[in-house]
Each structure stands twice: as C-alpha cells, then as structure tokens.
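One is the number of the first residue; the rest follow in order along the sequence.
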Amino acid sequence: SLYTGQLDLAGIQVFDRHPPLGNNLLFDAVTVENVPTTCLACGASTGFRKYGSRQQEFVDLPVRGSRVGIRLLRSRYWCASCKKVRFEAL
C-alpha cells in the first residue's frame, strides 16, 4: 500500500492510516508471516504452531516533524518441545 512505502519497514505491511491528531500520526499494520525457525527458549527447530496474534504499539522515527505510532498485529507461535509461546521475529 501507499503507507507501507512511506514507513519503509521490512516485513511489515501498513493497511490503514488514522487522521492526524495534533502532531501525531498513527498507522495500523501487520507483519508478513515470519514463522520461527528456532525456539529461543529451548533451541528446537521444528514443531511450531500458530497460537493467535496480539496487537502491540511501537513508536517509530518522526516523519516531517510528526511523531509516528504503529499498531502492529503480530502472530504468536507455540513450541511443541518446551510448550512456550513467543512472538514472531520482527
């Protein structure tokens, strides 16, 4: 989308931009599926299952003097080896 190019963040697709609020810009975005290859907790390299998703908020570098907020929907994955849940990498 047009907004994805404005922010230039690899692996993230922006799908909406909210009207400016004062000097603040807010974008809604999703990560491009990035299934883990290794569990950071136990080191397993197989057995990951999607475990829903959660929204997280980040602050990016200013654009033309405006603060930029990004609401990012990130997938979570469950490791069959250690039973821990983790977010996909950014």
Within the side chain of Asn34, is there an N or O that forms a donor-acceptor pair under 3.5 Å with the backbone of Ala89? yes
Would you say Val63 ends up clustered with Leu21 if hydrophobic residues are merged whenever their side chains have heavy atoms under 4.5 Å apart, either directly or through other cluster members? no
Backbone N or O of Gly65 within a donor-acceptor pair of the Asn23 side chain at under 3.5 Å? yes
Can you get from Trp78 to Phe87 by hopping between Ile, Leu, Val, Met, Phe, Trp and Tyr side chains that sit under 4.5 Å apart? no
Can you name the one residue among Val59, Leu26, Leu9, Val14 that meets side-chain contact (heavy atoms from CB on, under 4.5 Å) with Ile70? Leu9
Decide if atom OH of Tyr51 counts as having more than 12 heavy atoms of other residues, nucleotides or ligands within a radius under 6.0 Å. no
Take Cys79 and Phe48 through the side chain to side chain contact (heavy atoms under 4.5 Å, CB included) test and state the conclusion after the steps. CA-CA 5 Å; Cys79 174; Phe48 297 104; 4.1 Å; yes
Around atom CZ of Arg76, are there more than 12 heavy atoms from other residues, nucleotides or ligands closer than 6.0 Å? yes
Any donor-acceptor pair under 3.5 Å linking the side chain of Arg74 with the backbone of Glu88? yes
Minimum heavy-atom distance Ile12-Leu72, with the two atoms named: CG2-CD1, 3.8 Å
Check the surroundings of atom CZ in Arg17: do more than 12 heavy atoms from other residues, nucleotides or ligands lie under 6.0 Å from it? yes
Matching residue for Arg71 among Glu57, His18, Gln56 - test: side-chain hydrogen bond (donor to acceptor under 3.5 Å, both in side chains): His18
How many angstroms lie between NZ in Lys50 and OH in Tyr77, if you round to the nearest 0.5 Å? 5.0 Å
Spacing of SG belonging to Cys39 relative to CZ belonging to Arg86, to within rounding of 0.5 Å: 6.5 Å
